[in-house]
Protein chains: 2
Amino acid sequence: MGDSTSTKTPVYLRIEAALGERIARGAYRPGEQLPPEPQLCKEFGVSPMTLRRALARLSDRGLLSAEQGRGTFVRALELGEASFKLRQFTDRWQDDSVDVRLLAASTVRADERVAETLGIPVGERAVFLRRLLLKDEKPMMYHTEYVVFDARRPLVESQLQITSLEGLLQGAGGEGFPEGELTVRVVNLAAAEAALLDQPEGAAAFRLEHAFHDFTGRPVSWGWFLCRADSFLLRTHLGTRRAERGGME
Amino acid sequence: MGDSTSTKTPVYLRIEAALGERIARGAYRPGEQLPPEPQLCKEFGVSPMTLRRALARLSDRGLLSAEQGRGTFVRALELGEASFKLRQFTDRWQDDSVDVRLLAASTVRADERVAETLGIPVGERAVFLRRLLLKDEKPMMYHTEYVVFDARRPLVESQLQITSLEGLLQGAGGEGFPEGELTVRVVNLAAAEAALLDQPEGAAAFRLEHAFHDFTGRPVSWGWFLCRADSFLLRTHLGTRRAERGGME
DNA sequence: TAGTGGTCTAGACCACTTA
DNA sequence: AAGTGGTCTAGACCACTAG
(Lines give C-alpha, C1' and ligand atoms only; values in the text may rest on other atoms or scores of the structure.)
Protein backbone atom coordinates (compact mmCIF):
# COMPACT_ATOMS: atom_id res chain seq x y z
CA MET A 1 0.00 0.00 0.00
CA GLY A 2 1.64 3.13 -1.10
CA ASP A 3 2.69 3.50 -4.69
CA SER A 4 -0.20 3.95 -7.03
CA THR A 5 2.16 4.63 -9.91
CA SER A 6 -0.40 5.04 -12.65
CA THR A 7 -1.20 1.51 -13.68
CA LYS A 8 0.23 1.92 -17.14
CA THR A 9 3.82 2.16 -15.93
CA PRO A 10 5.80 -0.93 -16.96
CA VAL A 11 6.39 -3.39 -14.16
CA TYR A 12 10.17 -3.14 -14.35
CA LEU A 13 9.98 0.60 -13.79
CA ARG A 14 7.70 0.16 -10.82
CA ILE A 15 10.07 -2.36 -9.31
CA GLU A 16 12.98 -0.03 -9.94
CA ALA A 17 11.11 2.78 -8.23
CA ALA A 18 10.07 0.58 -5.32
CA LEU A 19 13.57 -0.66 -4.64
CA GLY A 20 15.02 2.82 -5.12
CA GLU A 21 12.53 4.08 -2.57
CA ARG A 22 13.65 1.50 -0.04
CA ILE A 23 17.23 2.58 -0.49
CA ALA A 24 16.31 6.22 -0.23
CA ARG A 25 14.38 5.65 2.98
CA GLY A 26 17.14 3.56 4.44
CA ALA A 27 15.23 0.30 4.49
CA TYR A 28 18.15 -1.13 2.55
CA ARG A 29 21.36 0.43 3.84
CA PRO A 30 24.59 0.95 1.94
CA GLY A 31 26.67 -2.21 2.01
CA GLU A 32 23.69 -4.40 2.79
CA GLN A 33 22.83 -7.39 0.67
CA LEU A 34 19.54 -7.41 -1.15
CA PRO A 35 17.26 -10.42 -0.92
CA PRO A 36 18.17 -12.98 -3.59
CA GLU A 37 16.50 -12.68 -6.93
CA PRO A 38 14.10 -15.63 -6.58
CA GLN A 39 12.74 -14.09 -3.41
CA LEU A 40 12.28 -10.67 -5.00
CA CYS A 41 10.60 -12.35 -7.96
CA LYS A 42 8.07 -13.88 -5.62
CA GLU A 43 7.59 -10.65 -3.73
CA PHE A 44 6.86 -8.66 -6.85
CA GLY A 45 5.21 -11.52 -8.67
CA VAL A 46 7.30 -11.28 -11.81
CA SER A 47 9.57 -13.49 -13.84
CA PRO A 48 13.34 -13.38 -13.38
CA MET A 49 13.96 -11.43 -16.57
CA THR A 50 11.65 -8.65 -15.51
CA LEU A 51 13.16 -8.39 -12.06
CA ARG A 52 16.66 -8.40 -13.46
CA ARG A 53 15.77 -5.60 -15.76
CA ALA A 54 14.91 -3.46 -12.79
CA LEU A 55 18.07 -4.48 -10.95
CA ALA A 56 20.18 -3.78 -14.02
CA ARG A 57 18.83 -0.26 -14.22
CA LEU A 58 19.57 0.35 -10.56
CA SER A 59 23.07 -0.96 -11.11
CA ASP A 60 23.52 1.36 -14.07
CA ARG A 61 22.48 4.22 -11.85
CA GLY A 62 25.17 3.23 -9.40
CA LEU A 63 22.77 2.37 -6.59
CA LEU A 64 23.42 -1.35 -6.63
CA SER A 65 26.37 -3.52 -7.41
CA ALA A 66 25.82 -7.15 -8.30
CA GLU A 67 28.57 -9.67 -7.79
CA GLN A 68 28.21 -13.00 -9.43
CA GLY A 69 28.10 -15.77 -6.91
CA ARG A 70 27.89 -13.44 -3.92
CA GLY A 71 24.84 -11.33 -4.17
CA THR A 72 23.52 -7.86 -4.90
CA PHE A 73 24.52 -5.04 -2.59
CA VAL A 74 23.52 -1.47 -1.96
CA ARG A 75 26.32 0.82 -2.95
CA ALA A 76 27.47 3.74 -0.90
CA LEU A 77 27.22 7.00 -2.74
CA GLU A 78 30.46 7.92 -4.48
CA LEU A 79 31.32 11.34 -5.80
CA GLY A 80 33.27 9.79 -8.64
CA GLU A 81 30.14 8.17 -10.05
CA ALA A 82 28.52 11.49 -10.75
CA SER A 83 28.05 12.38 -14.39
CA PHE A 84 27.19 15.69 -15.93
CA LYS A 85 25.16 16.04 -19.08
CA LEU A 86 26.22 18.72 -21.48
CA ARG A 87 22.61 19.27 -22.46
CA GLN A 88 21.82 21.29 -19.37
CA PHE A 89 24.82 23.42 -20.15
CA THR A 90 23.18 24.80 -23.24
CA ASP A 91 19.50 24.16 -22.64
CA ARG A 92 18.66 27.64 -21.60
CA TRP A 93 19.77 29.02 -24.92
CA GLN A 94 17.50 26.86 -26.99
CA ASP A 95 15.02 29.57 -27.83
CA ASP A 96 14.50 32.39 -30.24
CA SER A 97 16.17 35.06 -28.20
CA VAL A 98 19.49 33.49 -29.06
CA ASP A 99 21.38 35.12 -31.88
CA VAL A 100 24.43 33.77 -33.66
CA ARG A 101 26.68 36.47 -35.08
CA LEU A 102 29.38 35.47 -37.52
CA LEU A 103 32.52 37.46 -36.79
CA ALA A 104 34.90 35.85 -39.23
CA ALA A 105 34.80 33.31 -42.02
CA SER A 106 37.82 32.78 -44.18
CA THR A 107 40.41 30.27 -45.20
CA VAL A 108 43.74 30.40 -43.46
CA ARG A 109 47.06 28.60 -43.73
CA ALA A 110 47.31 26.12 -40.91
CA ASP A 111 49.88 27.00 -38.29
CA GLU A 112 51.62 24.30 -36.36
CA ARG A 113 48.94 23.75 -33.79
CA VAL A 114 46.05 23.73 -36.24
CA ALA A 115 47.97 21.46 -38.58
CA GLU A 116 48.70 18.96 -35.89
CA THR A 117 45.17 18.92 -34.53
CA LEU A 118 43.57 18.60 -37.96
CA GLY A 119 46.16 16.15 -39.21
CA ILE A 120 47.16 18.25 -42.23
CA PRO A 121 50.51 19.70 -43.30
CA VAL A 122 51.55 23.08 -41.97
CA GLY A 123 50.55 25.75 -44.45
CA GLU A 124 47.60 23.77 -45.80
CA ARG A 125 44.34 25.61 -46.22
CA ALA A 126 41.75 25.40 -43.48
CA VAL A 127 38.42 27.12 -42.97
CA PHE A 128 38.44 29.52 -40.08
CA LEU A 129 35.25 30.58 -38.30
CA ARG A 130 34.52 32.83 -35.39
CA ARG A 131 31.10 33.34 -33.92
CA LEU A 132 29.59 35.24 -31.06
CA LEU A 133 26.45 33.84 -29.47
CA LEU A 134 24.13 36.31 -27.83
CA LYS A 135 21.08 35.95 -25.67
CA ASP A 136 18.87 39.00 -25.41
CA GLU A 137 21.65 41.02 -27.01
CA LYS A 138 24.08 39.92 -24.34
CA PRO A 139 27.15 37.95 -25.44
CA MET A 140 27.29 34.53 -23.87
CA MET A 141 29.64 32.34 -25.87
CA TYR A 142 32.53 32.96 -28.16
CA HIS A 143 33.23 30.25 -30.68
CA THR A 144 36.35 29.55 -32.70
CA GLU A 145 36.52 26.73 -35.21
CA TYR A 146 38.88 25.33 -37.81
CA VAL A 147 37.53 23.00 -40.48
CA VAL A 148 39.58 20.94 -42.91
CA PHE A 149 39.18 22.43 -46.35
CA ASP A 150 37.61 20.04 -48.81
CA ALA A 151 36.34 21.36 -52.11
CA ARG A 152 34.02 18.39 -52.55
CA ARG A 153 32.29 19.04 -49.28
CA PRO A 154 30.59 22.42 -49.16
CA LEU A 155 30.96 22.57 -45.43
CA VAL A 156 31.73 26.24 -45.53
CA GLU A 157 28.42 27.20 -46.98
CA SER A 158 26.32 25.08 -44.69
CA GLN A 159 28.32 26.32 -41.75
CA LEU A 160 27.80 29.92 -42.73
CA GLN A 161 24.07 29.52 -42.74
CA ILE A 162 23.94 28.46 -39.14
CA THR A 163 22.03 31.04 -37.20
CA SER A 164 20.75 29.10 -34.23
CA LEU A 165 22.46 27.51 -31.34
CA GLU A 166 20.85 24.18 -32.08
CA GLY A 167 22.24 24.34 -35.55
CA LEU A 168 25.63 25.23 -34.24
CA LEU A 169 25.73 22.47 -31.67
CA GLN A 170 24.69 19.90 -34.22
CA GLY A 171 26.54 21.48 -37.07
CA ALA A 172 29.82 22.14 -35.30
CA GLY A 173 31.47 19.43 -37.30
CA GLY A 174 28.78 17.04 -36.18
CA GLU A 175 26.69 16.81 -39.31
CA GLY A 176 26.90 13.14 -40.03
CA PHE A 177 30.25 12.52 -38.41
CA PRO A 178 30.35 9.59 -36.08
CA GLU A 179 33.16 10.47 -33.72
CA GLY A 180 34.03 13.41 -31.56
CA GLU A 181 35.83 14.40 -28.42
CA LEU A 182 34.84 17.06 -25.97
CA THR A 183 36.94 18.64 -23.27
CA VAL A 184 35.91 21.12 -20.63
CA ARG A 185 38.60 23.30 -19.12
CA VAL A 186 38.62 26.51 -17.18
CA VAL A 187 40.60 29.49 -18.43
CA ASN A 188 41.20 33.14 -17.81
CA LEU A 189 39.91 35.22 -20.69
CA ALA A 190 42.43 37.12 -22.76
CA ALA A 191 41.76 40.81 -23.30
CA ALA A 192 40.19 40.42 -26.72
CA GLU A 193 38.01 37.52 -25.67
CA ALA A 194 36.93 39.29 -22.53
CA ALA A 195 35.96 42.39 -24.46
CA LEU A 196 33.76 40.41 -26.82
CA LEU A 197 32.07 38.65 -23.95
CA ASP A 198 31.58 41.89 -22.05
CA GLN A 199 33.69 40.64 -19.17
CA PRO A 200 36.73 42.07 -17.42
CA GLU A 201 40.09 40.86 -18.65
CA GLY A 202 41.19 37.72 -16.88
CA ALA A 203 37.67 36.70 -15.96
CA ALA A 204 37.25 32.97 -15.49
CA ALA A 205 35.37 31.10 -18.19
CA PHE A 206 34.53 27.61 -19.33
CA ARG A 207 36.37 26.43 -22.40
CA LEU A 208 34.48 23.69 -24.21
CA GLU A 209 36.73 22.20 -26.86
CA HIS A 210 35.42 19.94 -29.58
CA ALA A 211 37.07 17.77 -32.22
CA PHE A 212 35.23 15.72 -34.84
CA HIS A 213 36.34 12.97 -37.18
CA ASP A 214 34.90 11.45 -40.31
CA PHE A 215 34.07 7.81 -40.99
CA THR A 216 37.68 6.97 -41.61
CA GLY A 217 38.85 8.57 -38.38
CA ARG A 218 40.43 11.60 -39.99
CA PRO A 219 39.96 14.93 -38.21
CA VAL A 220 37.42 17.24 -39.79
CA SER A 221 36.90 20.05 -37.38
CA TRP A 222 38.41 21.48 -34.23
CA GLY A 223 37.34 24.39 -32.13
CA TRP A 224 36.17 25.67 -28.80
CA PHE A 225 33.49 27.66 -27.08
CA LEU A 226 34.35 30.18 -24.39
CA CYS A 227 31.43 30.46 -22.00
CA ARG A 228 30.84 33.21 -19.47
CA ALA A 229 31.25 32.00 -15.92
CA ASP A 230 28.08 33.70 -14.72
CA SER A 231 25.86 31.98 -17.25
CA PHE A 232 27.00 28.38 -17.31
CA LEU A 233 27.29 25.56 -14.84
CA LEU A 234 27.09 21.81 -14.69
CA ARG A 235 24.83 20.24 -12.12
CA THR A 236 23.89 16.71 -11.26
CA HIS A 237 22.10 14.72 -8.66
CA LEU A 238 23.70 11.83 -6.88
CA GLY A 239 21.68 9.06 -5.36
CA THR A 240 18.26 7.57 -5.41
CA ARG A 241 16.09 10.38 -6.62
CA ARG A 242 14.94 10.05 -10.18
CA ALA A 243 17.04 11.95 -12.70
CA GLU A 244 15.75 15.37 -13.64
CA ARG A 245 13.42 15.20 -16.58
CA GLY A 246 13.28 18.26 -18.74
CA GLY A 247 16.08 20.47 -17.66
CA MET A 248 13.93 23.44 -16.76
CA GLU A 249 13.65 24.03 -13.08
CA MET B 1 38.02 -10.51 -40.97
CA GLY B 2 37.74 -7.94 -38.27
CA ASP B 3 36.32 -8.79 -34.88
CA SER B 4 37.56 -11.93 -33.22
CA THR B 5 36.01 -10.75 -29.98
CA SER B 6 37.19 -13.52 -27.69
CA THR B 7 34.52 -16.17 -27.90
CA LYS B 8 33.53 -15.70 -24.28
CA THR B 9 32.03 -12.27 -24.87
CA PRO B 10 28.26 -12.38 -24.37
CA VAL B 11 26.29 -12.37 -27.57
CA TYR B 12 24.47 -9.15 -26.82
CA LEU B 13 27.78 -7.34 -26.47
CA ARG B 14 29.04 -8.73 -29.74
CA ILE B 15 25.89 -7.60 -31.49
CA GLU B 16 26.21 -4.18 -29.91
CA ALA B 17 29.80 -3.96 -31.11
CA ALA B 18 28.91 -5.19 -34.58
CA LEU B 19 26.12 -2.68 -35.06
CA GLY B 20 28.22 0.10 -33.55
CA GLU B 21 30.93 -0.75 -36.02
CA ARG B 22 28.53 -0.44 -38.92
CA ILE B 23 27.51 2.98 -37.74
CA ALA B 24 31.10 4.04 -37.22
CA ARG B 25 32.08 2.91 -40.71
CA GLY B 26 29.07 4.58 -42.24
CA ALA B 27 27.34 1.41 -43.34
CA TYR B 28 24.33 2.70 -41.45
CA ARG B 29 24.16 6.48 -41.84
CA PRO B 30 22.61 8.97 -39.45
CA GLY B 31 18.88 9.18 -40.01
CA GLU B 32 18.70 5.80 -41.70
CA GLN B 33 16.34 3.13 -40.50
CA LEU B 34 17.80 -0.10 -39.21
CA PRO B 35 16.50 -3.41 -40.50
CA PRO B 36 13.49 -4.56 -38.45
CA GLU B 37 14.15 -6.65 -35.41
CA PRO B 38 13.00 -10.00 -36.80
CA GLN B 39 15.46 -9.61 -39.65
CA LEU B 40 18.33 -8.73 -37.34
CA CYS B 41 17.40 -11.68 -35.14
CA LYS B 42 17.78 -13.97 -38.11
CA GLU B 43 21.00 -12.35 -39.21
CA PHE B 44 22.64 -12.75 -35.82
CA GLY B 45 20.86 -15.98 -35.01
CA VAL B 46 19.50 -14.88 -31.66
CA SER B 47 16.17 -14.55 -29.95
CA PRO B 48 14.35 -11.22 -29.84
CA MET B 49 15.20 -10.55 -26.21
CA THR B 50 18.90 -10.85 -26.87
CA LEU B 51 18.80 -8.62 -29.89
CA ARG B 52 16.76 -6.04 -28.07
CA ARG B 53 19.28 -5.99 -25.29
CA ALA B 54 21.93 -4.94 -27.75
CA LEU B 55 19.66 -2.33 -29.32
CA ALA B 56 18.71 -0.98 -25.91
CA ARG B 57 22.34 -0.45 -25.05
CA LEU B 58 22.97 1.37 -28.29
CA SER B 59 19.96 3.54 -27.61
CA ASP B 60 21.25 4.30 -24.13
CA ARG B 61 24.52 5.38 -25.68
CA GLY B 62 22.61 7.76 -27.91
CA LEU B 63 23.55 6.02 -31.15
CA LEU B 64 20.07 4.76 -31.95
CA SER B 65 16.58 5.99 -31.33
CA ALA B 66 13.72 3.55 -31.42
CA GLU B 67 10.22 4.75 -32.15
CA GLN B 68 7.38 2.43 -31.42
CA GLY B 69 5.45 1.59 -34.54
CA ARG B 70 7.94 3.31 -36.87
CA GLY B 71 11.31 1.68 -36.55
CA THR B 72 14.80 2.10 -35.19
CA PHE B 73 16.97 4.87 -36.58
CA VAL B 74 20.58 5.93 -36.45
CA ARG B 75 20.90 9.15 -34.53
CA ALA B 76 23.04 12.02 -35.64
CA LEU B 77 25.66 12.96 -33.14
CA GLU B 78 24.53 15.70 -30.79
CA LEU B 79 26.77 17.75 -28.57
CA GLY B 80 24.05 17.96 -25.95
CA GLU B 81 24.09 14.20 -25.44
CA ALA B 82 27.64 14.24 -24.16
CA SER B 83 28.12 13.37 -20.53
CA PHE B 84 31.13 13.85 -18.35
CA LYS B 85 32.03 11.51 -15.53
CA LEU B 86 33.40 13.09 -12.43
CA ARG B 87 35.60 10.06 -11.85
CA GLN B 88 38.18 11.12 -14.42
CA PHE B 89 38.30 14.46 -12.70
CA THR B 90 39.87 12.96 -9.64
CA ASP B 91 41.30 9.69 -10.88
CA ARG B 92 44.84 10.89 -11.15
CA TRP B 93 44.98 11.68 -7.49
CA GLN B 94 44.03 8.22 -6.36
CA ASP B 95 47.49 7.16 -5.28
CA ASP B 96 49.80 7.43 -2.33
CA SER B 97 51.48 10.64 -3.37
CA VAL B 98 48.29 12.48 -2.44
CA ASP B 99 48.30 14.12 0.92
CA VAL B 100 45.33 15.60 2.73
CA ARG B 101 46.25 18.42 5.09
CA LEU B 102 43.68 19.62 7.59
CA LEU B 103 43.84 23.40 7.84
CA ALA B 104 40.90 24.02 10.11
CA ALA B 105 38.42 22.04 12.15
CA SER B 106 36.11 23.79 14.52
CA THR B 107 32.51 24.54 15.25
CA VAL B 108 31.13 27.84 14.09
CA ARG B 109 27.87 29.71 14.37
CA ALA B 110 26.02 29.46 11.10
CA ASP B 111 25.84 32.69 9.21
CA GLU B 112 22.93 33.39 6.92
CA ARG B 113 24.20 31.50 3.93
CA VAL B 114 25.32 28.44 5.85
CA ALA B 115 22.09 28.39 7.79
CA GLU B 116 19.99 28.52 4.70
CA THR B 117 21.96 25.84 2.87
CA LEU B 118 22.04 23.50 5.84
CA GLY B 119 18.46 24.21 6.81
CA ILE B 120 19.28 25.28 10.36
CA PRO B 121 18.62 28.54 12.25
CA VAL B 122 21.13 31.34 11.97
CA GLY B 123 23.56 31.12 14.85
CA GLU B 124 23.21 27.37 15.25
CA ARG B 125 26.39 25.38 15.62
CA ALA B 126 27.95 23.77 12.59
CA VAL B 127 31.20 21.92 12.04
CA PHE B 128 33.62 23.81 9.86
CA LEU B 129 36.39 22.05 7.96
CA ARG B 130 39.09 23.24 5.63
CA ARG B 131 41.51 20.96 3.85
CA LEU B 132 44.29 21.33 1.37
CA LEU B 133 44.96 18.41 -0.96
CA LEU B 134 48.46 18.05 -2.26
CA LYS B 135 50.05 15.82 -4.85
CA ASP B 136 53.81 15.48 -4.67
CA GLU B 137 53.87 18.38 -2.23
CA LYS B 138 52.04 20.60 -4.72
CA PRO B 139 48.64 21.97 -3.71
CA MET B 140 45.87 20.87 -6.04
CA MET B 141 42.53 21.30 -4.32
CA TYR B 142 41.25 23.45 -1.55
CA HIS B 143 38.24 22.11 0.29
CA THR B 144 35.76 23.90 2.50
CA GLU B 145 32.93 22.08 4.22
CA TYR B 146 30.17 22.73 6.72
CA VAL B 147 28.52 19.83 8.49
CA VAL B 148 25.38 20.00 10.61
CA PHE B 149 26.35 19.49 14.21
CA ASP B 150 24.80 16.43 15.74
CA ALA B 151 26.10 15.17 19.05
CA ARG B 152 24.71 11.70 18.40
CA ARG B 153 26.61 11.34 15.17
CA PRO B 154 30.36 11.52 15.68
CA LEU B 155 30.84 12.83 12.19
CA VAL B 156 33.52 15.19 13.29
CA GLU B 157 35.84 12.49 14.45
CA SER B 158 35.46 10.30 11.43
CA GLN B 159 35.91 13.31 9.20
CA LEU B 160 39.07 14.33 10.97
CA GLN B 161 40.65 11.01 10.34
CA ILE B 162 40.37 11.27 6.60
CA THR B 163 43.81 11.36 5.11
CA SER B 164 43.23 10.14 1.58
CA LEU B 165 41.40 11.58 -1.34
CA GLU B 166 39.33 8.45 -1.70
CA GLY B 167 38.27 8.82 1.87
CA LEU B 168 37.44 12.43 1.36
CA LEU B 169 35.40 11.86 -1.78
CA GLN B 170 33.42 9.13 -0.12
CA GLY B 171 33.40 10.74 3.27
CA ALA B 172 32.52 14.26 2.19
CA GLY B 173 29.11 13.89 3.69
CA GLY B 174 28.63 10.75 1.65
CA GLU B 175 29.08 8.10 4.31
CA GLY B 176 25.77 6.38 4.13
CA PHE B 177 23.76 9.30 2.86
CA PRO B 178 21.55 8.56 -0.06
CA GLU B 179 21.17 11.95 -1.73
CA GLY B 180 23.49 14.59 -2.96
CA GLU B 181 23.83 17.39 -5.44
CA LEU B 182 26.93 18.43 -7.28
CA THR B 183 27.56 21.63 -9.15
CA VAL B 184 30.56 22.59 -11.23
CA ARG B 185 31.23 26.27 -11.74
CA VAL B 186 34.21 28.28 -12.79
CA VAL B 187 35.52 31.06 -10.57
CA ASN B 188 38.41 33.45 -10.15
CA LEU B 189 40.40 32.63 -7.06
CA ALA B 190 40.43 35.14 -4.24
CA ALA B 191 43.81 36.18 -2.90
CA ALA B 192 43.81 33.81 0.05
CA GLU B 193 42.63 30.87 -2.00
CA ALA B 194 45.14 31.56 -4.73
CA ALA B 195 47.98 31.73 -2.24
CA LEU B 196 47.10 28.35 -0.81
CA LEU B 197 46.91 26.80 -4.24
CA ASP B 198 50.15 28.41 -5.32
CA GLN B 199 48.40 30.31 -8.06
CA PRO B 200 48.31 33.99 -8.97
CA GLU B 201 45.39 35.96 -7.59
CA GLY B 202 42.42 35.84 -9.89
CA ALA B 203 43.49 32.61 -11.55
CA ALA B 204 40.62 30.62 -12.98
CA ALA B 205 39.62 27.47 -11.15
CA PHE B 206 36.93 24.83 -11.06
CA ARG B 207 34.57 25.05 -8.14
CA LEU B 208 32.96 21.70 -7.37
CA GLU B 209 30.18 22.22 -4.88
CA HIS B 210 28.55 19.37 -3.01
CA ALA B 211 25.51 19.07 -0.79
CA PHE B 212 24.35 15.91 0.94
CA HIS B 213 21.12 14.93 2.65
CA ASP B 214 20.16 12.23 5.08
CA PHE B 215 17.44 9.63 4.73
CA THR B 216 14.75 12.11 5.63
CA GLY B 217 15.96 14.65 3.11
CA ARG B 218 17.48 17.03 5.63
CA PRO B 219 20.77 18.67 4.65
CA VAL B 220 23.80 17.22 6.39
CA SER B 221 26.79 18.70 4.68
CA TRP B 222 27.67 21.44 2.26
CA GLY B 223 30.98 22.45 0.83
CA TRP B 224 33.13 22.91 -2.23
CA PHE B 225 36.42 22.03 -3.77
CA LEU B 226 38.51 24.62 -5.58
CA CYS B 227 40.58 22.89 -8.23
CA ARG B 228 43.57 24.30 -10.05
CA ALA B 229 42.84 24.98 -13.69
CA ASP B 230 46.06 23.41 -14.88
CA SER B 231 45.41 20.09 -13.22
CA PHE B 232 41.76 19.34 -13.88
CA LEU B 233 39.59 18.86 -16.90
CA LEU B 234 36.52 16.96 -18.01
CA ARG B 235 36.74 14.93 -21.18
CA THR B 236 34.37 12.68 -23.02
CA HIS B 237 33.99 10.88 -26.26
CA LEU B 238 30.99 11.30 -28.48
CA GLY B 239 29.95 8.65 -30.90
CA THR B 240 30.45 5.02 -31.63
CA ARG B 241 33.78 4.23 -30.08
CA ARG B 242 33.60 2.25 -26.88
CA ALA B 243 33.68 4.37 -23.76
CA GLU B 244 37.05 4.64 -22.10
CA ARG B 245 37.55 1.90 -19.60
CA GLY B 246 39.83 2.69 -16.71
CA GLY B 247 40.50 6.36 -16.88
CA MET B 248 44.25 6.09 -17.29
CA GLU B 249 45.43 6.98 -20.73
C1' DT C 1 -4.48 -4.22 -41.39
C1' DA C 2 0.24 -5.10 -41.43
C1' DG C 3 4.39 -3.98 -39.48
C1' DT C 4 6.97 -1.83 -36.02
C1' DG C 5 9.03 -1.68 -31.33
C1' DG C 6 7.85 -2.52 -25.89
C1' DT C 7 6.92 -5.66 -22.30
C1' DC C 8 6.78 -10.01 -20.08
C1' DT C 9 6.91 -15.05 -19.23
C1' DA C 10 8.79 -19.48 -17.38
C1' DG C 11 11.84 -21.66 -17.72
C1' DA C 12 17.14 -23.42 -19.13
C1' DC C 13 21.96 -23.44 -18.68
C1' DC C 14 26.24 -21.30 -17.23
C1' DA C 15 29.90 -18.94 -14.15
C1' DC C 16 31.21 -17.75 -9.91
C1' DT C 17 31.57 -17.77 -4.66
C1' DT C 18 31.33 -19.83 -0.32
C1' DA C 19 31.42 -23.46 2.66
C1' DA D 1 27.13 -28.83 -3.07
C1' DA D 2 24.24 -25.10 -2.60
C1' DG D 3 23.35 -20.57 -3.63
C1' DT D 4 24.22 -16.51 -6.12
C1' DG D 5 23.93 -13.60 -10.33
C1' DG D 6 24.59 -13.67 -15.92
C1' DT D 7 22.94 -15.07 -20.28
C1' DC D 8 19.64 -16.75 -23.48
C1' DT D 9 15.48 -18.86 -25.53
C1' DA D 10 11.03 -18.99 -28.08
C1' DG D 11 7.54 -17.58 -27.88
C1' DA D 12 3.14 -14.31 -26.19
C1' DC D 13 0.61 -10.15 -25.98
C1' DC D 14 0.35 -5.14 -26.23
C1' DA D 15 0.86 -0.17 -28.13
C1' DC D 16 1.78 2.53 -31.69
C1' DT D 17 2.30 4.05 -36.71
C1' DA D 18 1.44 3.81 -41.28
C1' DG D 19 -0.94 2.82 -45.55
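Keep in mind the model is a prediction, meaning the values are calculated, not measured. Just so it is clear, the values below take in all heavy atoms, side chains as well, and ignore hydrogens, waters and symmetry mates. Convention: sequence-line order gives letters A, B, ...; per-chain numbering from 1.
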Is it true that a side-chain atom of [X] and a backbone atom of [Y] form a donor plus acceptor pair closer than 3.5 Å?
| X | Y | result |
| --- | --- | --- |
| R29(A) | G26(A) | yes |
| R235(B) | E181(A) | no |
| Q39(B) | P36(B) | no |

Give the rounded distance in Å between these two atoms: [atom1] of [X] and [atom2] of [N].
| X | N | atom1 | atom2 | result |
| --- | --- | --- | --- | --- |
| R57(B) | dC8(D) | CZ | C1' | 15 Å |
| L51(A) | dG5(D) | CG | P | 9 Å |
| F73(B) | dG5(C) | CZ | P | 8 Å |
| E37(A) | dA10(C) | CD | C1' | 15 Å |
| R53(B) | dC8(C) | CZ | C1' | 15 Å |
| L64(A) | dT4(D) | CG | C1' | 15 Å |
| L13(A) | dT7(C) | CG | P | 7 Å |

**Residue pair Y28(B) / P35(B), side-chain heavy-atom distance below 4.5 Å** =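 Yes - at least one pair of side-chain heavy atoms lies under 4.5 Å apart.
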
**Message:** Counting C-beta onward and ignoring hydrogens, is there a side-chain heavy-atom pair between F44(A) and V11(A) closer than 4.5 Å?
**Reply:** no

**Message:** As a check on the pairing definition, encode DNA chain D in dot-bracket form, counting Watson-Crick and G-U wobble pairs whose two distances are under 3.5 Å, and using | for partners outside this strand.
**Reply:** ||||||||||||||||||.

Check this one for me: any side-chain N or O of [X] less than 4.0 Å away from OP1 or OP2 of [N]?
| X | N | value |
| --- | --- | --- |
| S47(B) | dT9(D) | yes |
| T72(B) | dG5(C) | yes |
| Y12(A) | dT7(C) | yes |

**Prompt:** Closest to the P36(B) side chain: dT7(D), dT4(C), dG5(D)?
**Reply:** dT4(C)

**Message:** Which residues in residues 38-46 of chain B have a heavy atom closer than 4.0 Å to any atom of DNA chain D?
**Reply:** G45(B), V46(B)

**Asked** CD/E209(A) to CG/L226(A) distance, rounded to the nearest 0.5 angstrom?
**Response**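 Answer for the CD-CG pair, E209(A) versus L226(A), is 10.5 Å.
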
**Request:** Working to the nearest 0.5 Å, report the span between CZ of R22(B) and CG of L63(B).
**Result:** 14.0 Å

**Asked** Quick one: side-chain contact (heavy atoms from CB on, under 4.5 Å) partners of A66(B), sequence neighbours excluded?
**Response**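 A66(B) satisfies side-chain contact (heavy atoms from CB on, under 4.5 Å) with T72(B) only.
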
**Prompt:** By side-chain contact (heavy atoms from CB on, under 4.5 Å), which residues pair with A82(B), not counting sequence neighbours?
**Reply:**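 With sequence neighbours excluded, A82(B) shows a side-chain contact (heavy atoms from CB on, under 4.5 Å) to L86(A), L182(A), T236(B), L238(B), given in chain and number order.
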
**Asked** Between F89(B) and F232(B), is the ring centre distance below 6.0 Å?
**Response** yes

Give me the distances for all protein-to-nucleotides 11-18 of chain D N/O pairs that come in under 3.5 Å?
unit_1  : atom_1 : unit_2 : atom_2 : d
dC16(D) : O4'    : Q68(B) : OE1    : 3.0

**Message:** List the residues meeting salt bridge (Lys or Arg N to Asp or Glu O under 4.0 Å) with R25(B), not counting sequence neighbours, and say none if there are none.
**Reply:**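 In terms of salt bridge (Lys or Arg N to Asp or Glu O under 4.0 Å), with neighbours along the sequence ignored, R25(B) is linked to E21(B).
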
